[in-house]
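Worksheet for the structure shown next.
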Amino acid sequence: QVRFVESGGGTVRSGGSLTLTCSASENVGRLVTMGWHRRQGPGKQREMVALSLDSGGTKYASAVKDRFTISRNRNTVYLEMRNLIPEDTAIYYCFNDLNRNWGQGVQVTVSA
């Protein structure tokens, strides 16, 4: 089964930047809607952050729209996160519309 491998989390200070990467483990033969969701803490629901649609469009949560940019190269997606704030602290999970399996996620921590 195709896996989607996440990388790029870390700890930065408020105002800093990070880039997350998610790649399909093998060629899936077509573009798949991919993107990122995040869970900001225990008991919180996972929420959509940004999507790169198979149609070519993008979708962003309002909280990140002016600070995050999603891009892709076939079935690898990148999430460039700028001007990070403490509220962006979360576990970020790669979303894929091929099998909708979640990985372990990557931790992003933003200190004040």
Side-chain angles (χ1 to χ4, degrees):
Q1 190 172 35
V2 179
R3 295 181 301 109
F4 290 81
V5 181
E6 305 141 323
S7 63
T11 300
V12 296
R13 291 194 172 188
S14 185
S17 301
L18 282 173
T19 298
L20 307 182
T21 302
C22 177
S23 297
S25 60
E26 58 189 84
N27 185 358
V28 302
R30 60 179 174 88
L31 283 180
V32 175
T33 291
M34 293 175 63
W36 294 90
H37 288 218
R38 70 186 181 187
R39 192 192 308 276
Q40 291 176 296
K44 295 269 184 91
Q45 286 198 335
R46 194 158 19 206
E47 62 179 12
M48 188 277 293
V49 176
L51 295 175
S52 176
L53 306 177
D54 57 2
S55 62
T58 57
K59 185 175 180 181
Y60 293 94
S62 57
V64 308
K65 187 174 182 180
D66 296 325
R67 300 182 295 115
F68 291 9
T69 302
I70 191 167
S71 59
R72 73 186 300 158
N73 179 4
R74 294 192 59 79
N75 285 321
T76 295
V77 291
Y78 307 93
L79 184 67
E80 182 184 4
M81 305 184 292
R82 303 178 304 277
N83 297 322
L84 285 159
I85 59 178
E87 290 75 15
D88 294 318
T89 295
I91 299 175
Y92 286 70
Y93 299 89
C94 180
F95 169 84
N96 82 86
D97 205 30
L98 180 67
N99 56 36
R100 299 203 174 190
N101 290 333
W102 297 104
Q104 290 187 328
V106 292
Q107 177 71 48
V108 171
T109 302
V110 184
S111 60

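- Each ring-ring contact (aromatic ring centres under 6.0 Å, His included) pair with one or both residues in residues 32-71, not counting sequence neighbours, appears once here: His37-Phe95, His37-Trp102.
- Listed by first and then second residue, the salt bridge (charged side-chain N to carboxylate O under 4.0 Å, His left out) pairs that reach into residues 44-58 are Arg38-Glu47, sequence neighbours excluded.
- Taking OG1 from Thr11 and CG from Leu84, the interatomic distance works out to 11.0 Å, rounded to the nearest 0.5 Å.
- Atom CD1 of Ile70 is separated from atom CD of Glu80 by 12.0 Å, given to the nearest 0.5 angstrom.
- Applying the 6.0 Å contact sphere to CZ of Arg82 captures more than 12 heavy atoms from other residues, nucleotides or ligands.
- We find the OG1-CE distance between Thr69 and Met81 to be 11.0 Å, quoted to the nearest 0.5 Å.
- For Arg74, there are no salt bridge (Lys or Arg N to Asp or Glu O under 4.0 Å) partners, not counting sequence neighbours.
- For Thr89, there are no side-chain hydrogen bond (donor to acceptor under 3.5 Å, both in side chains) partners at least two apart in sequence or on another chain.
- Rounding to the nearest 0.5 Å gives a distance of 6.5 Å between OG of Ser17 and CG of Asn83.
- With rounding to the nearest 0.5 Å, the separation of CZ in Phe4 from OG in Ser23 is 9.5 Å.
- For the pair Arg3 (side chain) and Ser25 (backbone), a donor-acceptor distance under 3.5 Å is absent.
- With rounding to the nearest 0.5 angstrom, the CE atom of Met34 is 8.0 Å from the OG atom of Ser52.
- With hydrogens and angles ignored, the 3.5 Å screen pairs no side-chain donor or acceptor of Glu6 with any backbone N or O of Val106.
- Qualifying salt bridge (Lys or Arg N to Asp or Glu O under 4.0 Å) partners for Asp97, counting only residues two or more places apart in sequence or in other chains: Arg100.
- Checking side-chain atoms of Asn75 against main-chain N and O of Val32 turns up a donor-acceptor pair under 3.5 Å.
- For Arg39, the salt bridge (Lys or Arg N to Asp or Glu O under 4.0 Å) criterion is met by no residue, not counting sequence neighbours.
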